[in-house]
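Heads up, the thing below is written out as structure tokens.
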Amino acid sequence: MRQDLYDDLLNYFFSGSVISVHCNQWGDTGKGKILDLIMAIAKIGERPMGADNCGHTMVINGKKIVTHMIPSSIMHDAQGIVSVIGRGVAFNPLTAYRELKMLMDSGETWENLKISFRAKLTMPYHILFDRLNEARANPDKKIGTTGRGVGPVFQDHVGRMGLCVRDMLDADVMCQKLYHVLPDRIAFLQTLDPQLIREILHHDDLENGLFFHPTEMLDVDAIIVRYLEHGKFFKNVITDAEKYVRSHVGKSTIALEGAQGALLDIDDGSYPFVTSSRCTVAGLAHGAGLREGDITHRIGVVKAYQTRVGAGCMPTEIGGRNAVEVFARDYKQHSAISDFSLLINDPDPVIQGAAIGRVGGEFGATTGRLRRIGWLDLVALRYAVGINGPEIAITKLDVLTGIKKIPVCVGYEYCGSDNPAIGLMHGQILDVMMPENDILEQCTPIYEILDGWDEDISGAISYHDLPENAQRYLDFIEVRADVSIILISVGPDREQTFFA
Ligand code: GDP
Ligand code: IMO
Ligand code: MG
């Protein structure tokens with residue numbers, strides 16, 4: 001690592017810091033990259049919440065690594081860094097097993113992995129119900145989930161019917177819990193289209209039909225056998241992770257790797273188009289079993305523009321609702337273009353948005369879906385930092401290079417009917433987001449337009465290396481959203497980062 005970057009990390013974070021790396025938008029802002037960078041000075045890296053719905057990308061010496069279930073800190077395992085999966089996580093043992101195998105095949109180790117015995121367990125029927133719910137929902141009610149079973153896992157948890165990681169170590173408990181929970185569900189499954197159930201259960205991530213039963217629909221014994229096998233595989237790393245992490249607070253530097261983003265949080269996000277766990281700093285602390293006050297540094301990752309995957313309103317979406325789908329459907333002549341940078345100033349916003357997405361490589365790291373693209377929304381950012389704190393890392397600034405005029409959303413005009421009960425009147429200007437989806441649908445963004453820059457910034461290693469207009473863009477964000485930019489990222493590689 002560049003010496004100046006390493007020195008800055010050491011200067012900014014003191015030994016014994018507890019650092020939260022979370023997202024202040026709708027996910028996919030580069031948390032994996034920032035976490036990986038911070039691991040240069042941390043001793044423990046923890047994924048405290050979320051599930052394998054997330055996809056975190058690191059690029060290390062040109063090599064791209066994506067993790068879903070295993071913390072990004074695993075890439076530092078050989079240096080003795082401890083990676084923890086906390087109790088707030090919905091743990092999918094198959095994803096974890098496959099990911100570890102992939103890492104081992106490329107020479108990585110997992111000697112220092114710890115999994116909380118309290119983490120929630122993702123079961124095959126959670127994945128089945130997630131996919132059935134999505135398949136059966138009316139189009140306007142589909143969440144666009146990642147199909148990883150997340151909603152049903154957390155539903156079971158709050159319904160006090162969930163399994164946790166330690167249940168994989170005890171055959172009796174596993175049998176007793178499953179035979180308590182599953183009969184009603186099997187009876188319900190038997191009322192549905194068996195072909196649809198069969199199809200879902202034959203997906204690769206449900207082990208190609210291993211859990212399918214032709215009359216019962218679910219083969220409970222097969223689930224038990226497989227999960228006990230998983231238990232054997234993970235037995236040595238299952239532990240009281242919360243106690244371990246708590247005992248290191250103030251003594252070892254701990255980095256918490258957030259998943260998803262503030263606007264996808266179950267309580268604070270754009271409900272109902274959210275995930276089912278908590279993604280804010282409070283959620284990270286809770287998932288790790290820490291007090292929020294234990295967190296000494298909050299790094300909210302913010303993309304220089306915005307993306308969203310799945311359903312739900314994003315007011316600054318370029319080209320309007322689901323423009324990526326419109327582009328894929330209506331602009332077939334552009335789909336063969338290899339250099340989308342030629343289209344990033346296209347007067348048709350549908351094309352412009354799609355081009356920015358292609359230049360930014362905006363494909364979901366988990367589902368491969370095209371991410372929807374939006375201009376940076378300071379109304380949303382003000383809301384998110386109100387929850388998570390004002391320190392932010394700006395990523396993907398390089399992707400904006402070449403755009404002549406860059407709109408930034410500074411306010412929303414509420415265009416719905418008067419709603420005095422919640423303090424909203426037609427025509428009112430909002431400078432802080434109200435995240436409920438039905439309200440967002442009624443908000444029209446108000447933009448200020450900033451001049452762009454043409455210079456390649458991907459080699460910048462300080463604020464002063466940036467062209468004046470890129471500096472102005474950052475200054476504008478700081479002043480107008482009342483945030484403090486700590487880190488700036490100008491490329492996917494660990495090294496393409498510097499302190500502001
Ligand atoms: P996460 O879910 O927040 O960890 O983010 P993802 O990994 O899903 O998506 C971020 C994508 O942007 C990944 O492909 C990263 O390699 C890439 N990335 C991160 N920072 C930068 C940056 O500053 N510039 C560019 N061009 N790509 C970046
Ligand atoms: P990372 O950590 C972006 C979205 C899904 C869907 C909604 C609910 O990589 O930033 P779920 O499967 O959780 O029930 O889906 O949340 N979603 C994400 N979007 N990045 C993620 O993770 C996401 N994890 C879930 O697309 O809209
Ligand atoms: Mg991601």
Side-chain angles (χ1 to χ4, degrees), residues 21-37 47 49-60 62-69 71-72 90 92 122 126-127 129-131 133-134 142-155 257-266 269-277 279 300-314 356-357 359-372 393-401 437 457-458 460 487-498:
V21 178
H22 48 276
C23 161
N24 278 332
Q25 293 166 324
W26 272 289
D28 302 325
T29 38
K31 299 177 290 296
K33 170 188 161 154
I34 300 296
L35 194 286
D36 173 62
L37 175 78
R47 269 288 308 281
M49 37 60 67
D52 54 343
N53 50 353
C54 71
H56 294 177
T57 316
M58 293 155 278
V59 179
I60 304 165
K63 192 173 155 201
K64 180 172 165 175
I65 296 118
V66 184
T67 62
H68 302 279
M69 195 78 265
S72 301
N92 181 333
T122 301
H126 293 131
I127 302 171
F129 276 105
D130 186 4
R131 294 177 187 188
N133 292 342
E134 286 284 278
K142 289 185 201 293
I143 305 290
T145 73
T146 58
R148 298 299 190 269
V150 177
V153 173
F154 286 99
Q155 243 172 310
E257 176 181 2
Q260 292 81 51
L263 304 179
L264 285 170
D265 180 273
I266 182 71
S270 48
Y271 196 86
F273 296 99
V274 292
T275 189
S276 297
S277 66
C279 323
V301 189
V302 174
K303 206 150 29 184
Y305 50 99
Q306 281 186 187
T307 58
R308 184 164 195 179
V309 200
C313 179
M314 174 165 65
I356 296 170
V359 170
E362 297 295 356
F363 296 87
T366 299
T367 56
R369 287 178 289 180
L370 276 170
R371 295 173 180 154
R372 298 156 55 200
I394 289 276
T395 58
K396 304 194 88 160
L397 189 64
D398 53 302
V399 176
L400 297 182
T401 298
N437 191 70
I457 60 169
S458 61
L487 278 165
I488 298 165
S489 168
V490 289
D493 202 278
R494 193 188 267 173
E495 303 272 316
Q496 289 175 294
T497 324
F498 51 88

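Computed from a prediction, not measured in an experiment: that's the story for all the values here. Counting convention: from 1, in listed order, for ligands and their atoms alike.
- Of all the atoms in ligand 2, the ones that sit under 4.0 Å from a non-hydrogen atom of I143 are 8 (C), 27 (O).
- Looking from atom 6 (C) of ligand 2 to the surrounding protein, the closest heavy atom is G144 O, 3.2 Å.
- Proximity to W26 (heavy-atom distance under 4.0 Å) selects the following atoms of ligand 2: 3 (C), 19 (N).
- Close approach to C54 involves these atoms of ligand 2, each under 4.0 Å from a residue heavy atom: 1 (P), 2 (O), 9 (O), 22 (O).
- No side-chain donor-acceptor contact under 3.5 Å links T307 and D28.
- Contact between R148 and ligand 2 is absent, with no heavy atom of the residue lying under 4.0 Å from the ligand.
- No donor-acceptor distance shorter than 3.5 angstrom exists from the side chain of D398 to the backbone of I457, with no hydrogens or angles considered.
- Under the 4.0 angstrom criterion for non-hydrogen atoms, R369 is in contact with ligand 2.
- With R47, H56, Q260 as candidates, the residue nearest to atom 23 (C) of ligand 2 on a non-hydrogen basis is Q260.
- In terms of protein heavy-atom proximity, atom 15 (O) of ligand 2 is nearest to T145 CA, 3.4 Å.
- Annotation: atom 13 (O) of ligand 2 to nearest protein heavy atom, T275 OG1, 2.6 Å.
- One distance of note links CD of E134 with OG1 of T145; it measures 4.0 Å at 0.5 Å rounding.
- With respect to atom 3 (C) of ligand 2, the closest heavy atom belonging to the protein is D28 OD2, 3.1 Å.
- When all heavy atoms are compared, the tightest approach of C279 to G261 is CB-O, 3.4 Å.
- Between S270 and W26, the closest heavy-atom pair is OG-NE1, 3.2 Å.
- Minimum heavy-atom separation, P152 to D130: CG-N, 3.7 Å.
- Of all the listed residues (V153, I266, V274, V150), V274 holds the heavy atom that lies closest to atom 8 (C) of ligand 2.
- Taking a cut-off of under 4.0 Å to the non-hydrogen atoms of A259, the atoms of ligand 2 that pass are 2 (O).
- Taking a 4.0 Å cut-off on heavy atoms, K31 registers as neighbouring ligand 2.
- Donor-acceptor pairing under 3.5 Å is recorded for the side chains of R369 and T367.
- In this structure, the side chain of N133 engages the main chain of F129 through a donor-acceptor pair within 3.5 Å.
- Side chains of S489 and K33: a donor-acceptor N/O pair is present below 3.5 angstrom, by distance only.
- Atom NE2 of H68 is separated from atom CG of D52 by 8.0 Å, given to the nearest 0.5 angstrom.
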Sub-3.5 Å pairs, protein N or O with ligand 1 N or O:
unit_1	atom_1	unit_2	atom_2	d
ligand 1	2 (O)	D28	OD1	3.4
ligand 1	2 (O)	G55	O	2.8
ligand 1	3 (O)	T29	N	3.0
ligand 1	3 (O)	G30	N	2.9
ligand 1	3 (O)	K31	N	2.8
ligand 1	3 (O)	K31	NZ	2.8
ligand 1	4 (O)	K31	N	3.3
ligand 1	4 (O)	G32	N	2.9
ligand 1	5 (O)	G30	N	3.2
ligand 1	7 (O)	T57	N	2.8
ligand 1	7 (O)	T57	OG1	2.6
ligand 1	8 (O)	D28	OD1	3.0
ligand 1	8 (O)	G55	O	2.8
ligand 1	8 (O)	R371	NH2	2.9
ligand 1	12 (O)	K396	NZ	2.9
ligand 1	23 (O)	K396	N	2.9
ligand 1	23 (O)	S489	O	3.1
ligand 1	23 (O)	S489	OG	2.5
ligand 1	23 (O)	G491	N	3.1
ligand 1	23 (O)	G491	O	3.3
ligand 1	24 (N)	D398	OD1	2.8
ligand 1	24 (N)	D398	OD2	3.4
ligand 1	24 (N)	G491	N	3.3
ligand 1	26 (N)	D398	OD2	2.7

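- Scanning the protein for heavy atoms near atom 17 (N) of ligand 2, the closest one is L264 CD1, 3.8 Å.
- At least one N or O atom of G55, backbone or side chain, sits closer than 3.5 Å to an N or O atom of ligand 2.
- Within ligand 2, the atoms closer than 4.0 Å to a non-hydrogen atom of G27 are 10 (O), 20 (N), numbered from 1 in the order shown.
- If you take CD on Q306 and CZ on R372, they are separated by 11.0 Å, rounding to the nearest 0.5 Å.
- The shortest contact between atom 12 (O) of ligand 2 and any protein heavy atom is with T146 OG1, 2.6 Å.
- Closest heavy-atom contact between Q25 and Y305: NE2-O, 3.2 Å.
- When all heavy atoms of K31 and Q260 are compared, the closest pair comes out as NZ-O, 3.1 Å.
- Sorted by chain and number, the protein atoms of type N, O or S within less than 2.8 Å of the Mg ion (ligand 3) are D28 OD1, G55 O.
- T29 approaches K303 most closely through the heavy-atom pair CG2-N, 3.6 Å.
- Among all non-hydrogen protein atoms, the one lying nearest atom 27 (O) of ligand 2 is V309 O, 3.0 Å.
- With R308 contributing its side chain and C313 its backbone, the two residues share a donor-acceptor pair below 3.5 Å.
- S72 is linked by a side chain to side chain donor-acceptor pair (under 3.5 Å) to E257, counting only residues two or more places apart in sequence or in another chain.
- With sequence neighbours excluded, the residues forming a side chain to side chain contact (heavy atoms under 4.5 Å, CB included) with A259 are R47, M49, C54, H56, listed by chain and number.
- With a 6.0 Å radius and a threshold of 12 heavy atoms from other residues, nucleotides or ligands, F363 has its CZ atom above the threshold.
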